[in-house]
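Before any comments, here is the structure.
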Amino acid sequence: YPYNLSALLDYTLKDTNDIFVASNEGSFSAIDSITGKQVWKQKAPKMKFNNTDEIHIEYHNQVVYYNYSGNETLIALDANDGHQIWSVSGPRYTGDIMFSGNMIYLNSCSSGCNTSFITALDAATGNQIWGLDFGNILAVEIIENKVYMSGFGYLAAVNKITGEIVWKFNGDYSHGEICYIIEDSVIYAGTEDNSLFALDRETGKIIWQAKSPGLPYYFYMEGNTLAIVYKEKYVAAFDINSGKQKWLLDVDMNTSRYP
């Protein structure tokens with residue numbers, strides 16, 4: 001193993017036999033997961049690690065992506081030999097690196113994370129195609145031709161090619177934190193102010209609205225029933241067609257502490 005005990009490490013082992021490792025000693029390496037032998041090693045910026053610094057590694061389609069918040073740079077390396085394909089500067093903290101078609105999507109935030117960004121890059125060159133900033137992004141996912149995201153007081157759909165905001169739901173006032181699940185053509189969104197909405201996935205229009213006992217922690221679909229485990233005390237079930245509550249169980253504990 002090529003690093004001392006003081007090294008800051010992060011790694012990924014997904015869809016590849018290699019483990020990609022970053023070290024605060026100033027290197028980025030690929031290690032064969034079967035033999036433990038080093039496949040390649042490249043120089044990387046030395047890390048002056050503190051409690052706010054983060055590193056992020058993702059592998060996709062024979063390319064490994066490496067982001068270190070300390071130098072605010074995202075680097076794309078050939079996964080086979082480690083040579084650099086491109087390098088781009090960007091927001092400091094990258095929480096998610098997502099892939100769709102020939103584009104890369106970054107969910108990141110500025111120093112202090114007061115502002116969140118969704119940025120679309122060309123996967124071949126690293127050039128920015130579009131970028132949007134939001135107050136705070138809590139969750140992001142890509143489905144078909146849209147990027148869906150939620151944050152404090154909003155749920156939005158963005159055209160993944162152009163970056164145009166297709167729709168943004170907030171009920172004309174802040175609902176606080178919003179958690180959601182997408183099932184077929186409907187988005188089920190639970191809010192911090194005790195509301196549950198069914199929204200049309202394409203338009204964002206409200207199909208139905210119901211009262212809810214709190215902010216959802218976990219969703220589960222079974223037939224025409226939406227079951228929700230809430231962050232505090234409750235588990236409930238709703239009819240997905242009408243929003244009518246089928247049952248409510250008070251478990252009298254903080255359910256978010258349990259899997």
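Just so you know, these numbers use all the heavy atoms, side chains as well, and skip hydrogens, waters and symmetry mates.
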V140: which residues meet the side-chain contact (heavy atoms from CB on, under 4.5 Å) condition with it, sequence neighbours left out?
M98, N107, I118, I137, V147, M149

Hydrophobic clusters here meaning ILVMFWY residues chained together by side-chain heavy-atom distances under 4.5 Å, can you tell me if I129 and I165 are in one?
yes

Is the shortest distance from a Lys or Arg side-chain nitrogen in D32 or K37 to a carboxylate oxygen in the other one below 4.0 Å?
no

Report the residues that fulfil salt bridge (charged side-chain N to carboxylate O under 4.0 Å, His left out) with E177, sequence neighbours left out, ordered by chain and then residue number.
K231

Can a salt bridge be assigned to the pair K160 and E144 using a cut-off of 4.0 Å between side-chain N and carboxylate O?
no

Is there a donor-acceptor contact under 3.5 Å from the side chain of W167 to the main chain of L155?
no

Centres of the F169 and F197 rings: under 6.0 Å?
yes

Does the S33 side chain pair with the main chain of N17, one donor and one acceptor, at a distance under 3.5 Å?
yes

What is the distance from atom CD1 of I97 to atom CD1 of I57, rounded to the nearest 0.5 Å?
9.5 Å

Could you give all pairs that pass the salt bridge (charged side-chain N to carboxylate O under 4.0 Å, His left out) test and reach residues 117-127, with sequence neighbours left out?
none

Output every pair passing salt bridge (charged side-chain N to carboxylate O under 4.0 Å, His left out) with a member in residues 182-192, not counting sequence neighbours, ordered by first then second residue.
none

Name the one of L196, T225, L248 that satisfies side-chain contact (heavy atoms from CB on, under 4.5 Å) with F238?
L196

Excluding sequence neighbours, so at least two apart, what forms ring pair (Phe, Tyr, Trp, His ring centres under 6.0 Å) with Y154?
F134

Look only at the side chain of W40 and the backbone of F28, and say whether a donor-acceptor pair between them is shorter than 3.5 Å.
no

Salt bridge (charged side-chain N to carboxylate O under 4.0 Å, His left out) involving E222 - partner list, sequence neighbours excluded
none

Of all residues at least two apart in sequence or in a different chain, which pass the salt bridge (charged side-chain N to carboxylate O under 4.0 Å, His left out) check with E141?
none

Results of side-chain contact (heavy atoms from CB on, under 4.5 Å) for I161 - residues two or more places apart only:
M103, N159

Residues which pass side-chain contact (heavy atoms from CB on, under 4.5 Å) with D239, listed by chain and number, not counting sequence neighbours
N224, N241, S242, K246

side-chain contact (heavy atoms from CB on, under 4.5 Å) involving A76 - partner list, sequence neighbours excluded:
V63, Y65, I85, W86

OG of S27 to NZ of K43, rounded to nearest 0.5 Å, is 11.0 Å

Not counting sequence neighbours, which residues clear side chain to side chain donor-acceptor pair (under 3.5 Å) with Y105? List them please.
none

Under the side chain to side chain donor-acceptor pair (under 3.5 Å) test, which residues partner T203, sequence neighbours left out?
D200

Going by the angle between their ring planes, with limits at 30° and 60°, are H60 and F99 parallel, tilted or perpendicular?
parallel

With hydrophobic residues grouped by side-chain heavy-atom distances under 4.5 Å, do M221 and Y234 end up in a single group?
yes

Under a plain distance cut-off of 3.5 Å, with no hydrogens placed, do T191 and D193 share a side-chain donor-acceptor pair?
yes

